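A short write-up of the structure that comes next.
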Amino acid sequence: MKIIMLGAPGAGKGTQAKMLAAKYEIPHISTGDIFRANIKNGTELGAKAKEYMDKGLLVPDELVVDLIMDRFKADDCKKGYILDGFPRTIPQAEALDKALTAVGESIDYAINVEVPDENIVNRMSGRRACVGCGATYHIKYSPTKVEGKCDTCGADLIIRDDDKPETVLNRLNIYHEQTQPLIDYYSAKGVMKEVDGTVDMNDVFDAIVAILGE
Ligand code: ADP
Ligand code: AMP
């Protein structure tokens, strides 16, 4: 099963993708996580990506497309995957289509996690990320047992550099300009499904499972 998670930054794509990956036993592929891992490891790709990410801008398509095509070659992608944060532009979606068509495959579902802009800044300001394993929490909606420490691995939690309110507004504008058109793109392909992302995260999950099947 090949699934794309769509939605504004902070809509809950990563939260749902992690839960879905565990249920359906397919990898959760987040381009944002891959870039952050590269930044942490001091790679050349990380340095390039950071210039854009810190400003709330999108990393250029060619960097993202090469990276994801490489990731698809891994063995764990044979049964499918959940894409989180890719594609984010029409050229990225077209590159993905081209690569899939070449091997006789296609996307099964694009799931749009719908959250209005008013809720997004609040979501992002409370988001905390684990520096060790990348788990995501929220100080109010998904708090850790011990403040500032990851429940899974015990490492410290940080506020992402790009979750500052001024950067979030930039990211939201870019989302509306460049990523939202993907909703029409995948609707035209007949694979687009919408869920309400404003409800409790377990209810969002149940709504997605109702679409994908048990
Ligand atoms: P995205 O991957 O779309 O950027 P995340 O999954 O990181 O978004 O979620 C953004 C923030 O909102 C996180 O702090 C997360 O814990 C919280 N969150 C996710 N889903 C919900 C929900 N349904 N209700 C409340 N908070 C949520
Ligand atoms: P995310 O973790 O999905 O919120 O992504 C964080 C940041 O990484 C984005 O704001 C972009 O700067 C960059 N990024 C992640 N995925 C992509 C993509 N598919 N295309 C361009 N930039 C991306």
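Each ligand, and each atom within it, is numbered from 1 in the order the structure gives. Model, not experiment: these values are computed from the prediction.
The shortest side-chain heavy-atom distance between Ile4 and Val191 does not fall under the 4.5 Å cut-off. Using a 4.5 Å heavy-atom threshold, the side chains of Thr198 and Pro116 count as touching. Side-chain contact between Asp156 and Lys149 is present, with heavy atoms from C-beta onward closer than 4.5 Å.
Side chains of His176 and Asp117: a donor-acceptor N/O pair is present below 3.5 angstrom, by distance only. A side-chain donor-acceptor contact under 3.5 Å links Thr89 and Asp61. Side-chain atoms of Tyr141 and Asn122 include a donor-acceptor pair closer than 3.5 Å. Under the 3.5 Å distance criterion, with hydrogens and angles disregarded, no donor-acceptor pair is assigned to the side chains of Asn170 and Tyr175.
Nearest to atom 2 (O) of ligand 1 among the protein's heavy atoms is Gly14 N, 2.8 Å. Among protein heavy atoms, atom 7 (O) of ligand 1 sits closest to Arg127 NH1, 2.6 Å. Of all protein heavy atoms, the one closest to atom 8 (O) of ligand 1 is Gly12 N, 3.2 Å. Protein heavy atom at the shortest distance from atom 10 (C) of ligand 1 is Gly10 O, 3.6 Å. Looking at atom 18 (N) of ligand 1, its nearest protein heavy atom turns out to be Met201 CE, 3.6 Å. Of all protein heavy atoms, the one lying nearest to atom 14 (O) of ligand 1 is Tyr137 O, 2.8 Å.
Contacts with ligand 1 closer than 4.0 Å are made by no heavy atom of Thr198, backbone or side chain. Contact annotation for Val113 and ligand 1: no heavy atom of the residue comes within less than 4.0 Å of the ligand. Counting heavy atoms closer than 4.0 Å to ligand 1, residue Ala8 contributes backbone atoms (N, CA, C, O) but none from C-beta onward.
Contact check on Arg71 versus Asp66 returns no salt bridge, with no Lys/Arg side-chain nitrogen under 4.0 Å from an Asp/Glu carboxylate oxygen. Between Asp161 and Lys50, at least one side-chain N (NZ, or NE/NH1/NH2) sits under 4.0 Å from a carboxylate O, which counts as a salt bridge. In summary, Asp84 and Lys18 do not engage in a salt bridge, as defined by a charged side-chain N under 4.0 Å from a carboxylate O.
Every atom of ligand 2 with a heavy atom of Leu57 under 4.0 Å away is listed here by number and element: 11 (C), 12 (O). Of all atoms in ligand 2, numbered sequentially from 1 with element shown, those under 4.0 Å from a heavy atom of Thr31 are 15 (C), 16 (N), 17 (C), 19 (N). Short contacts between ligand 2 and Asp162, defined as distances under 4.0 Å to a heavy atom of the residue, involve ligand atoms 6 (C). Counting atoms of ligand 1 from 1 in the listed order, those under 4.0 Å from a heavy atom of Tyr141 are 25 (C), 26 (N). The distance from ligand 1 to the heavy atoms of Gly197 drops below 4.0 Å at these ligand atoms: 23 (N). In summary, the atoms of ligand 1 found under 4.0 Å from a heavy atom of Thr136, numbered by their order in the structure, are 7 (O), 13 (C). Close approach of ligand 1 to Asp200 is summarised as follows: ligand atoms under 4.0 Å from at least one heavy atom of the residue are 23 (N).
Backbone and side-chain nitrogen or oxygen atoms of Val199 are examined, and one is located within less than 3.5 angstrom of a nitrogen or oxygen of ligand 1. Note: no N/O pair closer than 3.5 Å links Tyr52 and ligand 2 by distance alone. On a distance-only criterion, Val59 and ligand 2 share at least one N/O pair closer than 3.5 Å. Note: no N/O pair closer than 3.5 Å links Ser142 and ligand 1 by distance alone. By the 3.5 Å distance cut-off applied to N or O atoms, Thr15 is counted among the residues near ligand 1. Considering backbone and side-chain N/O of Arg160, one or more are found under 3.5 Å from N/O of ligand 2. Annotation: Val204 places no N or O atom under 3.5 Å from an N or O atom of ligand 1; distance criterion only.
Among all heavy-atom pairs drawn from Lys13 and Ala8, the shortest one is NZ-O, 2.9 Å. Considering all non-hydrogen atoms of both residues, Arg123 and Gly10 come closest at NH1-O, 3.2 Å.
Of the candidates His138, Lys13, Lys18, Arg123, the one placing a heavy atom closest to atom 24 (N) of ligand 1 is Arg123. Remark: among candidates Pro87, Gly85, Pro60, the nearest residue to atom 19 (N) of ligand 2 is Gly85, based on non-hydrogen atoms. When Met53, Gln92, Arg88 are ranked by how near their heavy atoms come to atom 17 (C) of ligand 2, first place goes to Arg88. Residue nearest to atom 2 (O) of ligand 2, selected from Arg36, Arg171, Glu51: Arg36 (by heavy-atom distance).
The number of heavy atoms from other shown groups lying within 6.0 Å of CD (Glu166) is above 12. In this structure, Lys193 places its NZ atom where only 12 or fewer heavy-atom neighbours from other residues, nucleotides or ligands lie under 6.0 Å away.
Under a hydrophobic-cluster definition in which Ile, Leu, Val, Met, Phe, Trp and Tyr are linked whenever side-chain heavy atoms come within less than 4.5 Å, directly or via other members, Val113 and Ile107 are assigned to different clusters.
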task: May I have the step-by-step check of side-chain contact (heavy atoms from CB on, under 4.5 Å) for Arg127 and Ile159, ending in yes or no?
output: CA-CA 7 Å; Arg127 172 157 64 183; Ile159 300 178; over 6 Å; no
